[in-house]
Every structure is written in C-alpha cells, then in structure tokens.
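Since the structure comes first, as structure tokens, the remarks are kept for the end.
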Amino acid sequence: MFLCPIIYGTGIKNNVMQAMAMRITTVVTPLIAQPIGITHGDNGLVADRGSNYLDIILKYISREKDLIKIGNSARNHVKTNFSWSAIAEKYRTVD
C-alpha cells in the first residue's frame, strides 16, 4: 500500500500516480482522489483522514487478492488516462 493522507493542496500528485503505475494500491483522501479519478475499491482506496483512514488500511492490509486487483486497475487507469501516448492523443484530437 501507498499512503497519501493529504488534506490540503491542489492538482495531481505525481507520487500517487507513480505508485499506481507500479500496481501499488494507494490509500488517498477525497482531495487527492478527485483530480486523478480514483474510485474507491476500483483503482484505489479513498477515505477521510483519521479513524476512517485507519479503518480502510486495516480492512485491506491482509486482503492480498483485493490489493492486487486494485493495483492492476490502478495501473490501467494511469496508462489509459495519463501516459504520454494518452496525453498526446488528447492533443492530437483538439480542434
């Protein structure tokens, strides 16, 4: 797991996307999830800081199959939406 309990700031956090690209399940706050498009239980884990954040970590830390599935989905998400080829394609199709 990669933990990113940031509660303030803006923009995309490259360290989170690097972890996702390496198939590491990330646990982030809603502030981080939104700009990257992380969906809880699909391509990452999303929780508010505090006890909710800790509860999510404890729930998933021993669920290896779920972590692998989420990590694979995270890699696909980053590759589809943030790879150089994906970004180049977005520019290519601009009118």
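Judged as a salt bridge (charged side-chain N to carboxylate O under 4.0 Å, His left out), the pairs with a partner in residues 71-90 (not counting sequence neighbours) are, in order, E89-R92.
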Give the table of side-chain donor-acceptor pairs shorter than 3.5 Å for residues 26-43, with sequence neighbours excluded, one pair per line with atom names and distance.
residue : atom : partner : partner atom : Å
T29     : OG1  : I6      : O            : 2.4
H40     : ND1  : V46     : N            : 2.9
H40     : ND1  : V46     : O            : 3.3
D42     : OD1  : S73     : OG           : 3.2
N43     : OD1  : T39     : N            : 2.6
N43     : ND2  : G37     : O            : 3.2
N43     : ND2  : H77     : ND1          : 3.4

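In this structure, CG in D48 is found 10.0 Å from CD1 in I56, a value given to the nearest 0.5 Å. Between atom CE of residue M1 and atom CD1 of residue I61 there is a gap of 5.5 Å, rounded to the nearest 0.5 Å.
Considering only residues two or more places apart in sequence or on other chains, S62 meets the side-chain hydrogen bond (donor to acceptor under 3.5 Å, both in side chains) condition with none of them. Partners of N72 by side-chain contact (heavy atoms from CB on, under 4.5 Å), not counting sequence neighbours, listed by chain and number: R23, I68. Residues meeting the salt bridge (charged side-chain N to carboxylate O under 4.0 Å, His left out) test with E64, sequence neighbours left out: none. For R63, the salt bridge (charged side-chain N to carboxylate O under 4.0 Å, His left out) partners two or more places apart in sequence, or in a different chain, are D66. Under the rule for a side-chain contact (heavy atoms from CB on, under 4.5 Å), D55 has no partner lying at least two apart in sequence or in another chain. Partners of T80 under the side-chain contact (heavy atoms from CB on, under 4.5 Å) rule, at least two apart in sequence or in another chain, do not exist in this structure.
Taking a 4.5 Å side-chain heavy-atom cut-off between Ile, Leu, Val, Met, Phe, Trp and Tyr, the cluster of Y91 extends to I87. The hydrophobic cluster analysis finds V94 isolated: no Ile, Leu, Val, Met, Phe, Trp or Tyr side chain comes under 4.5 Å of it, directly or through other members. The hydrophobic cluster containing L58, built from Ile/Leu/Val/Met/Phe/Trp/Tyr side-chain heavy atoms closer than 4.5 Å, also comprises L54.
Y53 approaches C4 most closely through the heavy-atom pair OH-N, 3.0 Å. Of all heavy-atom pairs between I70 and G44, the closest is CG2-N, 3.3 Å.
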